Amino acid sequence: MSESPPLSPIRLHKALERIWGTGPGWQRLSAVNHTVLGKRFMLTAFVFFAIGGVLAMLIRAQLASPHAAFVGPEIYNQLFSMHGTLMMFLFAIPMLEGLAIYLLPKMLGARDMAFPRLTAYGYWCYLFGGIIIVASMLFGVAPNSGWFMYTPLSSQPYTPGINADIWLLGVTFVEISALSAAIEITVSILKLRAPGMALGRMPLFAWYMLVTAMMMVFGFPPLILGSILLELERAFGLPFFDPTRGGDALLWQHLFWLFGHPEVYIIFLPAAGALSTIIPVFAQRRIVGYHAIIAAIVALAFLSFGLWVHHMFTVGIPHLALAFFSAASALVAIPTAVQIFAWLATLAHGRPRFEVPMLYVMGFFLVFVIGGLTGVMLAMVPFDQQAHDSYFVVAHLHYVLVGGFVFPMLAAAYYWLPHVTGRQSVHRISVPAFWLIFIGFNLTFFMMHLTGLMGMPRRVYTYPSNFGWDWLNLLSSVSGFILTMGFALFAMDIVLHFRFGRRFRRNLWRAPTLDWAMPTRPTSYAFASLPTVTGHAEEADPDTLGPQLAGGQGYLGFVRKNRLETLGVDMTTGRVEHVAILPSPTYLPFISGALTTGVVLAMLFKFYIIALLFALATFASFLFWSREKGEREDCGPIAIGKGETAPPDAEVSGPSAYWAMVIGLAANGTGFAALLFGALYLWLVAPAWPPPQIVGPSLWLWLVLPALGLASLASRWAQGTNASGRDPRLQLSVGMGLDIAALIVLSLALAALPDPTAHAHMATMAALLGYSWLHAALGLFCGLNALLRYRWGYVSARRPLPLRLNLMWHDFTLVTGLLGVALILAMPGLIGALEAAR
Amino acid sequence: MSRSDVPPLYLLLIPLGFVIWSIAFVTLYAANAIGCAFGWDMGAQRMVLIALALGFLALSTLASFRIWRFWTGRARHQPAPAASLAQIGTYTALSALAASLGTFVPGLAVSLCI
């Protein structure tokens with residue numbers, strides 16, 4: 001296929017904008033563009049941040065004086081629970097996702113993320129889930145068991161309303177959205193980069209986001225699983241966390257903190273990525289220790305998973321385990337320090353310009369280092385046992401999170417806002433805003449170190465006046481309002497920026513990264529043509545490169561068949577591998593998001609039949625996604641500019657969708673591993689064992705593996721048939737029939753189990769079978785998707801992707817089914833062995 | 001289309017040292033929990049844990065050495081991207097080894113069960 005004749009820069013811009021742009025009015029609901037969605041994520045996150053901030057003010061108003069009657073204990077419980085939930089789940093994570101979605105394609109030299117419709121679906125899930133959670137406050141039924149939802153407090157007998165259900169379902173909804181974003185970010189970084197951008201040339205921000213996204217892939221599933229198990233306990237009485245029936249409240253803490261501690265670093269790392277981008281620009285030199293920083297963030301990612309128990313030092317754990325987790329908690333300071341020293345060295349060896357973003361960078365250094373040092377103090381078990389659940393911990397976590405995320409994000413806001421708006425900040429009130437925030441923050445939270453050391457417990461709505469806490473609390477509260485004034489000034493500054501900011505042409509800060517090699521405000525397609533990277537991506541020359549790319553002198557500097565095209569590259573070398581064809585704006589993500597919201601709301605009000613109908617409608621809507629995208633014919637390599645060719649994504653062995661499935665299955669496998677851990681943990685540690693009745697092998701249990709195995713074989717058969725150029729519909733239909741057979745067998749095996757509400761043993765065995773049931777059902781959906789894709793002409797021997805994905809899913813279902821059934825069969829022996837030893 | 005000079009699977013060598021560290025961490029924690037729940041003799045349990053820790057340390061050392069050899073060998077033949085990945089991979093493997101020493105060795109001296 002030949003290239004179209006070259007267009008002038010203006011005509012090229014108009015032609016690209018016509019197909020990449022989002023229409024006005026209601027068409028905004030169909031947006032799938034990363035620039036639009038990245039901004040929406042960040043704006044929505046900021047709104048939730050503001051709401052969370054108001055809640056913080058209410059908390060401080062209550063704590064300003066002893067015995068205050070501003071709010072009662074129930075409202076106070078809702079206030080601190082919602083404050084934490086909003087800040088962690090509805091502000092920090094979506095803000096970092098929004099930043100990544102907005103910036104990554106631009107920094108990597110691509111036109112969009114790998115799965116634009118998934119970005120849009122994730123946004124709608126986030127928005128609707130957030131609205132559900134926030135709306136609960138208006139009805140007085142907001143979550144009230146803390147943002148960590150500890151059992152048994154959050155269990156049905158102690159929180160009988162829907163408060164905890166709102167958290168469990170709403171947060172799970174938002175977390176699934178975050179998980180999908182993590183998969184998309186990972187694949188986008190690995191596959192959609194500018195030609196020549198080998199991994200070792202990638203900007204540090206992309207490395208940070210890659211590590212962060214992988215942490216989300218492995219960190220979120222334990223929480224999602226824990227939330228599902230707790231909701232199952234609350235709604236149906238399966239006693240996973242009830243110690244009187246073989247459950248254990250500590251299992252929740254393990255599952256929560258397996259997510260919760262890495263979460264701190266998931267929040268910190270993207271902010272550190274922003275710092276690693278901003279500091280070299282203002283230091284006017286390349287960052288010091290590029291490779292050491294990457295090694296440090298990999299180390300940080302792993303170590304952060306190895307210290308989840310440091311939140312549980314006081315629950316009664318053997319000394320040896322305490323020592324492991326204490327050592328890991330202290331060690332994590334080292335890779336953090338590597339980054340701090342690299343940034344300081346960059347400043348020391350450069351010629352720093354102290355503009356407004358750098359004020360916040362300096363604020364970050366001071367605040368975050370204090371938070372890090374108190375973190376090392378809390379890593380020491382004897383100290384932690386003294387300070388646990390006191391205001392010292394509140395002070396520490398705010399120094400780490402505000403220092404490690406909010407200050408860098410404010411620096412990032414001032415740095416990239418001109419990129420978003422095309423205007424230069426006025427900066428008249430940004431300096432006083434900074435000082436109000438900096439002074440207000442330190443006076444608010446430093447005092448809490450002292451009240452904590454003096455013994456003031458957290459999460460209590462009042463306090464007596466005779467412990468010397470009064471003036472410290474009053475100072476904290478007054479300073480909290482100073483802090484709020486600072487944020488109000490910041491918000492006003494942003495508004496004024498839009499109104500009075502001066503326009504500038506290109507590359508305001510003289511940055512050496514690709515995100516500035518484009519018009520600002522950015523166009524919907526980001527680059528009119530894609531750059532070639534021959535050196536380090538952080539040593540680009542946007543001033544020269546930008547006009548060249550706008551003139552169509554890079555790759556794909558044309559419009560072909562009104563298709564949205566960008567380049568896919570080899571993961572490591574950055575060599576061109578394929579042309580990724582992306583979807584046009586569509587309302588489907590909005591519709592799917594709305595239907596998914598229906599599932600959540602119906603479950604919240606316990607209308608399970610309606611929830612099932614909404615779930616089926618959601619999956620049906622996903623099938624329509626499938627109908628819209630793809631190539632209906634084999635076309636072989638096509639021109640990409642500069643006299644080169646590359647095949648379309650459907651015709652290569654490793655397109656983005658394949659890697660998304662690989663990473664998605666890794667996340668899914670992590671959730672399954674957490675389920676296995678839960679079953680074994682309860683067997684080993686929980687009280688009220690052995691169970692009154694032990695699950696033995698039933699005929700149906702034995703038939704589960706043959707059923708799943710045959711479904712997997714049929715998927716393999718269909719793929720082989722397609723590979724040989726024949727019609728695979730018969731094989732796919734057989735496979736779907738076998739999926740239905742597997743569902744029947746699993747249903748009968750579940751029915752043959754003893755009452756799962758009687759004991760955690762039965763409940764965990766039911767959960768293992770339920771997991772396989774769900775996967776067999778989704779396998780049916782995968783088979784149907786492949787069948788329809790074939791029928792619609794999107795599948796051939798050269799375009800086999802739907803069949804490969806179908807096979808991967810079925811193989812995964814088989815392997816997890818095998819492990820699940822093996823554990824069920826092994827449990828009687830394990831229970832017997834433990835009882836014999838006791 | 002020719003195969004990649006540095007196949008995607010090789011990227012797993014970057015976190016390999018820490019993957020070993022993670023497996024060691026979970027194994028030692030689980031062994032400790034199992035030993036306490038089953039009431040193993042304290043001396044025997046400590047020996048099991050020390051043997052496991054030494055085994056993982058040896059594995060981590062070997063992995064670090066192999067990873068260093070692998071990446072530096074690659075870097076000689078193909079400067080980009082292998083040279084960068086060589087540095088990152090070597091730093092990460094050595095960090096993992098240091099983390100193994102720091103995490104596992106001191107803890108093995110303390111009391112085992114509650």
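The structure displayed is predicted, hence computed values, not measured ones. Letters go in sequence order (proteins before strands), and every chain restarts at 1.
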Whether A:W207 side chain and A:L199 backbone form a donor-acceptor pair below 3.5 Å: yes

Polar side-chain atom of A:T212 near backbone of A:L269 as donor-acceptor pair, under 3.5 Å: no

Per-residue contact mode, A:L680 against chain B (heavy atom under 4.5 angstrom): neither

Atom group of A:L684 that falls short of 4.5 Å from chain B, counting heavy atoms: both

[options]: which one forms the most heavy-atom pairs within less than 4.5 Å of chain A?
{"options": "B:Y10, B:W21, B:F104", "result": "B:W21"}
{"options": "B:A96, B:A37, B:G17, B:S95", "result": "B:A37"}
{"options": "B:V110, B:I14, B:I88", "result": "B:I88"}

Check ion pair A:E577-A:K191 (N to O, under 4.0 angstrom): yes

Exercise: do B:S84 and A:H291 side chains pair donor with acceptor under 3.5 Å: yes

Polar side chain donor-acceptor pair, A:H319 to B:S111, under 3.5 angstrom: yes

Counting heavy-atom pairs under 4.5 Å with chain B, which one of [options] comes out on top?
{"options": "A:A292, A:A323, A:A301, A:P318", "result": "A:P318"}
{"options": "A:G574, A:P335, A:A833", "result": "A:A833"}
{"options": "A:V309, A:V685, A:I317", "result": "A:I317"}
{"options": "A:A296, A:A328, A:A836, A:G306", "result": "A:G306"}

Part of [X] within contact of chain A (heavy atom distance under 4.5 Å):
{"X": "B:V19", "result": "both"}
{"X": "B:L11", "result": "side chain"}
{"X": "B:T103", "result": "both"}
{"X": "B:A33", "result": "both"}
{"X": "B:I34", "result": "both"}

Centroid-centroid distance, A:F305 to B:F18, less than 6.0 Å: no

Ring-ring centroid check A:H311 A:W257, cutoff 6.0 Å: yes

B:R66 to B:F70 six-membered ring, cation-pi geometry met (6.0 Å, 45°): no

Within-4.5 Å side-chain heavy-atom neighbours: A:L108 and A:P203: yes

